[in-house]
Amino acid sequence: MLNFTLQRIGKAFVVIVGVIILNFLLIKLAPGDPAAILAGEAGSGDPQFVENLRRQFGLDQPVPVQLWNYLSGVLTGDLGFSYRNQVPVLDLILQRLPATLLLTGAAFVFSLATGMLFGVLAARHRGTVLDSMITTLALIFYATPLFWIALMSVLLFSINLGWLPPFDMETIGAGYTGWRRVLDIAHHLILPTVTLGLFYTAIYTRLTRASMLEVMGLDFVKTARAKGVPGQRIIRRHVLRNAVLPVFTFASMQAGQLVGGAILTETVFAWPGIGRLMFDALMQRDYPVLLGVFLITAIVVVVVNFITDLLYRVVDPRIGIS
Amino acid sequence: MSDTKAPLLSVKNLTIALPEGFDRAHAIQDISYDLNPGEVLCVVGESGSGKSMTANAIMGLLPDYLKPTRGSIDYHGRDLLSLPEEEKRALRGRDIAMVFQEPLSALNPLMTVGEQIDEVMLVHGNTNAAARAARVLELMEYVGLPDPATLRNAYPFRLSGGQRQRIVIAMALALEPSILIADEPTTALDVTTQAQILALIKRIQRAKGMGVIFVTHDFGVVADIADRAIVMEKGLIVEQGTADQVLNHPKHPYTQRLIAAVPHRETERKESNGVEAADEVPLLELRNLNKTYRSSEGLFSKPRVVPAVQDINLVLHRGQTLGVVGESGSGKSTLGRVIMKLLDSDSGQILYHGMDIAPLSQASFRPMRKKIQMIFQDPFASLNPRQTIGRILTDGPLANGVDKTTARKRAEELLARVGLDASAYVRYPHEFSGGQRQRIGIARALMLDPDILIADESVSALDVSVQEQVLRLLRDIQDQLKLGMIFITHDLRIAAQICDQIVVMRRGEVVEMGPPSQIFDAPQNEYTQRLIEAIPGKEWHPEQVIRDLHKESI
Amino acid sequence: MQFIKRFSQNYGAVLGLIILAAIVFLAVAAPLLYPGNPWKTVGMPLLRPLQDAKFLLGTDMLGRDIAAGIAHGAKVSLLIGVVSTLVAVLIGVTIGAVAGFYGGRVDDILMRFTEFFQIIPTFAMAVVLVAIFSPNFISITLAIAVVSWPSVARLVRAEFLSLRQREFVQAAVVIGQSGPRIILTQILPNAVSPIIVTASLMVATAILTESALSFLGLGDRNMMSWGFMIGAARTMLREAWWMSFFPGFAILLAVLAINLIGEGINDVMNPHLRGRKQ
């Protein structure tokens with residue numbers, strides 16, 4: 001186990017360094033000089049001022065040196081300063097990260113739970129009206145743009161019905177504390193979670209259904225029937241566990257994708273997370289922030305994958321011996 | 001003894017329809033037989049004969065698209081076909097139990113084997129966990145598994161094929177059923193394991209007085225285990241009688257044909273080829289050949305090392321057929337692939353006409369490939385489904401610089417040579433049967449006029465009657481072309497039928513080498529002796545049966 | 001022939017084909033149905049749907065015809081969807097085929113490279129690429145292609161790894177065919193059907209991605225697109241629901257149609273779910 005952990009950490013390290021380099025070079029490819037843009041916005045075309053900014057940001061160095069500086073900074077936990085706000089990037093991100101983790105975590109759990117539930121139901125009642133209804137709905141939500149479903153649910157549940165708040169993470173200025181605040185946040189969380197999660201619910205429904213049907217056709221299910229195991233128990237003890245494993249793997253690989261979706265959800269719902277932070281940084285050419293967000297996302301993805309791998313080893317006895 | 005009692009189970013006029021689009025209307029038609037207490041009834045047939053169908057119908061495990069249309073299965077005065085599902089479920093596992101062909105896929109990979117045995121008792125109402133646990137140990141002990149207390153907590157993937165099958169049998173025995181149905185339970189196993197499992201089933205059947213329905217394609221197994229036998233062809237019973245009647249005095253021409261096709265030793269075949277050619281340079285010689293599989297090396301993990309071929313020395317002369325025999329994991333297929341340079345060897349020499357080809361790169365070996373050709377195992381996987389037979393055959397010559405018209409002419413000649421119609425040239429693989437495809441595979445290998453032909457389990461996927469025809473074709477070709485042939489097989493009977501020399505391999509090493517007469521009649525090595533001992537149907541001599549039949553007819 | 005017959009028995013796929021045909025027709029006929037620039041004011045602002053027979057789906061706050069916008073937007077969605085998928089398939093098949101066929105070191109390097117692209121959320125990556133290279137048709141198409149190829153590469157690699165072990169491929173090696181020839185004539189034809197299925201589903205995903213980019217204001221400013229219309233309608237949600245509803249519904253229909261077709265192709269090409277002989 002220790003061996004495996006070390007090996008995975010080594011691999012993860014390589015991947016993350018690769019991602020940093022890739023992103024760094026990508027941003028260096030961008031046309032236009034951030035210093036000039038910043039200076040332009042400040043209303044100063046003075047070459048001396050631009051030159052000063054460049055020196056301050058370290059942009060006057062050759063690219064390999066910049067990359068080296070950045071990488072060695074990252075290794076000591078220094079993600080650089082924001083061009084705009086003159087605050088350490090890490091602080092900015094850490095301030096926004098909890099909101100995004102809350103949103104994506106909730107959406108992940110929501111989509112996985114509902115997706116697996118519907119998938120199992122559909123497979124269990126294959127060929128019935130219930131199955132057709134579930135598969136049709138899954139097909140539709142699989143094709144629905146997530147920002148549109150967000151807008152439409154705001155229209156229905158906030159504007160017309162007035163049940164749920166249309167934006168923000170909590171009621172501004174209400175000054176709630178303790179459980180009252182938790183409830184308030186939960187209330188605000190419902191729409192963003194559901195709209196972000198529905199697309200993935202559709203995916204997991206389809207996957208679970210297909211996986212269940214496949215496992216139902218395997219030989220050991222026939223053995224269970226030959227043993228006289230009742231139908232319900234066959235599904236519960238034999239099919240479900242085997243069918244859920246691939247869905248689980250896929251879900252963990254997709255975990256990072258939720259962050260991409262969060263850019264849209266956070267935009268629509270004015271959710272103060274890193275998706276929004278990344279998008280603003282991009283628009284303002286605040287590259288250190290952008291790189292930082294990417295780095296943190298990559299680390300989260302790698303950690304999620306690692307945890308899944310560990311869980312997998314617990315659930316599936318076939319893996320785990322190297 | 002059985003005729004005094006009423007039958008345990010009686011199948012009457014059972015007919016199962018096939019859905020549209022199949023090559024015949026019924027999976028099985030008008031099947032009737034009785035199973036008596038304390039007897040082993042073998043159902044024999046080739047693939048597609050419907051031999052497993054009644055077994056599945058008895059268990060109520062037919063797939064949804066197959067429905068019995070007529071007949072009944074009578075068990076203790078009840079018709080199993082019309083029984084409600086819940087009552088059938090109560091019978092399954094308690095009164096009637098089943099053992100399957102593929103013991104790995106028959107076990108749930110995520111449950112320990114102990115849990116899986118335990119479950120049979122649990123679902124049939126035994127709620128005493130301690131009693132069940134004790135019974136699990138007792139059963140595992142009974143089917144001959146080592147150290148049950150530890151093994152019951154193991155997952156199926158940890159066990160060997162034979163051990164898994166013992167677990168499945170333990171599961172079937174848990175509630176002491178009166179009927180055991182075994183559907184090709186030894187087909188996926190090695191021959192020595194097969195012998196053990198057959199002995200186990202026989203022993204249990206004697207001890208418990210169960211009725212056993214044993215489905216198989218192998219007459220050797222029938223000879224070893226059956227009290228009575230049923231022969232099926234295309235969904236019909238063609239012959240039914242005591243084992244002695246069916247095996248030694250077959251009446252139906254189909255049974256006679258099947259028995260004639262059972263591989264057996266050719267006593268008349270001369271075994272002198274190797275000796276004659278001893279003084280010329282051998283066609284192929286292996287010297288100290290080694291091949292080891294390594295799992296990829298990680299930063300922190302040691303690679304896993306499996307020696308597949310160890311220090312092999314062999315000589316193959318023109319006109320000689322060399323059999324390489326071994327069980328799974330013996331390295332026999334790896335050896336073939338190393339000689340073909342489909343796999344790289346680690347050390348040692350492969351001398352072709354005295355020239356070492358082992359160190360050659362793939363690119364420099366490519367022009368020589370045409371001289372060493374291969375016939376593959378799986379007739380369904382060895383032909384590209386998207387190419388016509390013509391394309392498949394001429395690709396080789398074209399890649400070696402032969403022009404199109406010459407290649408086409410040669411292809412048509414060879415199609416005729418392997419017994420196929422010239423129209424095959426423009427058709428696709430899926431239009432042919434397994435045996436025909438294997439003939440195409442042989443033709444493809446011959447297209448390049450090779451010196452050496454390596455046949456890797458080339459008849460093991462075929463039914464016995466087709467197997468016999470393909471073997472005869474190979475022998476004719478060998479007699480005519482005087483190639484050097486290496487015939488890799490797990491079946492000693494087949495090797496005995498076609499080879500001049502036999503090499504027995506185990507765990508990557510050659511344990512014994514010699515002409516069939518030595519290997520069969522005076523095996524020196526302990527492992528070879530066990531292999532010979534394990535061949536099913538040793539006491540039965542199909543060639544004698546056929547000779548007698550001929551005599552009678554004259 | 002067999003293919004068309006079986007495909008036509010799949011009602012979902014036929015329905016998808018009909019919807020897609022209608023959308024293609026709309027895209028092609030847009031200049032005739034709604035001549036002139038869809039960005040121009042043509043009527044009263046904020047007309048409700050059916051309020052004025054001339055503007056079936058209503059107008060926006062600048063008096064632009066929503067129906068005209070949807071018709072003209074169809075072209076962008078379809079074009080970007082198809083072109084970006086073609087580019088992604090080309091990159092993915094090449095990398096996947098080389099990695100899967102040659103294996104070993106080559107495979108290791110290529111797959112590690114692919115992993116870098118997969119660890120970054122695809123949509124975030126697309127946003128950055130488009131923003132950095134300023135939004136236009138080419139940058140959007142390439143950005144979508146760049147984030148989509150890894151899944152094709154993985155699929156093709158897996159197919160090649162398994163097909164490589166098949167006996168007919170080994171037979172091709174044995175008769176002396178060269179590596180590139182084996183890739184092209186033996187393996188690739190047998191890997192085509194999963195590639196086609198994946199590609200058809202990727203077109204749908206690409207359309208979704210394009211609309212999300214335009215929604216964020218990262219669309220081509222010279223071309224009307226559905227996502228842009230929704231983005232522009234965001235602030236008017238309370239006053240004019242139709243401004244965002246219809247373009248969104250158009251996206252839904254287009255993506256649904258393509259998914260239905262993709263599944264139809266899948267069912268026809270991989271008939272493993274139908275009853276097999278014994």
Side-chain angles (χ1 to χ4, degrees), chain A residues 1-15 17 126-128 211 213-249 309 311-322, chain B residues 55-56 58-64 85-86 88-112 115-125 153-158 167-168 171-172 174-175 177 181 183 295 298-304:
Chain A
M1 200 53 139
L2 183 71
N3 234 348
F4 163 77
T5 313
L6 282 176
Q7 208 178 334
R8 281 302 307 261
I9 289 174
K11 202 178 147 198
F13 183 76
V14 173
V15 169
V17 169
R126 187 190 187 180
T128 63
S211 181
L213 291 179
E214 197 187 317
V215 174
M216 281 180 191
L218 293 182
D219 283 355
F220 65 81
V221 174
K222 189 174 169 183
T223 310
R225 288 178 61 200
K227 277 154 74 174
V229 181
Q232 284 291 348
R233 191 183 158 89
I234 291 183
I235 296 289
R236 224 177 45 241
R237 294 280 296 167
H238 294 272
V239 180
L240 203 56
R241 276 174 76 188
N242 282 285
V244 153
L245 279 182
V247 181
F248 223 64
T249 326
D309 268 15
L311 280 180
Y312 218 101
R313 271 151 200 271
V314 177
V315 183
D316 190 340
R318 285 165 296 185
I319 319 169
I321 18 119
S322 53
Chain B
N56 283 310
I58 294 167
M59 292 299 288
L61 292 177
L62 289 171
D64 290 336
E85 177 59 29
E86 187 46 38
K88 258 195 292 196
R89 186 192 72 71
L91 285 179
R92 288 202 288 260
R94 179 197 295 280
D95 288 54
I96 311 173
M98 190 160 180
V99 177
F100 300 91
Q101 179 179 144
E102 196 27 89
L104 179 59
S105 60
L107 291 169
N108 186 338
L110 300 186
M111 276 167 90
T112 63
E115 280 179 272
Q116 301 195 47
I117 301 173
D118 180 87
E119 190 181 31
V120 190
M121 295 175 270
L122 179 70
V123 298
H124 286 286
N153 294 319
Y155 289 92
F157 78 103
R158 289 276 194 183
I167 294 286
V168 176
M171 242 156 49
L175 296 168
I181 298 173
D183 188 0
S295 68
L299 202 53
F300 301 96
S301 62
K302 282 196 203 100
R304 233 172 78 195

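Proteins come first, then strands; the chains are lettered A, B, ... in the order of their sequence lines, and each starts at number 1. What you see is a predicted model; the values in this text were computed from it and never measured. Scope of the values below: all heavy atoms of this structure, side chains included, with no hydrogens, waters or symmetry mates.
The shortest side-chain heavy-atom distance between B:Gln116 and A:Lys227 falls under the 4.5 Å cut-off. Side-chain contact between B:Asn108 and A:Arg241 is absent, with no heavy-atom pair separated by less than 4.5 Å.
Here A:Arg237 contributes atom CZ and B:Met111 contributes atom CE; the two are 4.5 Å apart, rounded to the nearest 0.5 Å.
Only the side chain of B:Leu122 comes within contact range of chain A, with at least one heavy atom under 4.5 Å from a heavy atom of that chain. The contact between B:Leu107 and chain A is made entirely by backbone atoms, counting heavy-atom distances below 4.5 Å.
Looking at every heavy atom in both residues, B:Ser105 comes nearest to A:Asp219 through OG-OD2, 2.8 Å.
For B:Tyr155, the OH atom counts as densely surrounded, since its 6.0 Å shell holds more than 12 non-hydrogen atoms of other residues, nucleotides or ligands. B:Glu115 CD: more than 12 foreign heavy atoms inside a 6.0 Å radius.
Proximity to chain A at a heavy-atom threshold of 4.5 Å picks out B:Ile96, B:Met98, B:Phe100 from residues 94-101 of chain B, in numerical order. Contacts of residues 229-236 of chain A with chain B at a heavy-atom distance below 4.5 Å involve A:Val229, A:Pro230, A:Arg233, listed in sequence order.
Counting only distance, with no hydrogens or angles, the side chain of A:Arg225 and the backbone of B:Leu61 share no donor-acceptor pair below 3.5 Å.
Ranked by heavy-atom pairs under 4.5 Å with chain A, the list B:Met59, B:Lys88, B:Arg89 is led by B:Arg89. Per-residue heavy-atom pair counts under 4.5 Å with chain A were compared for B:Ala106, B:Ala90, B:Pro63, and the maximum is reached by B:Ala106.
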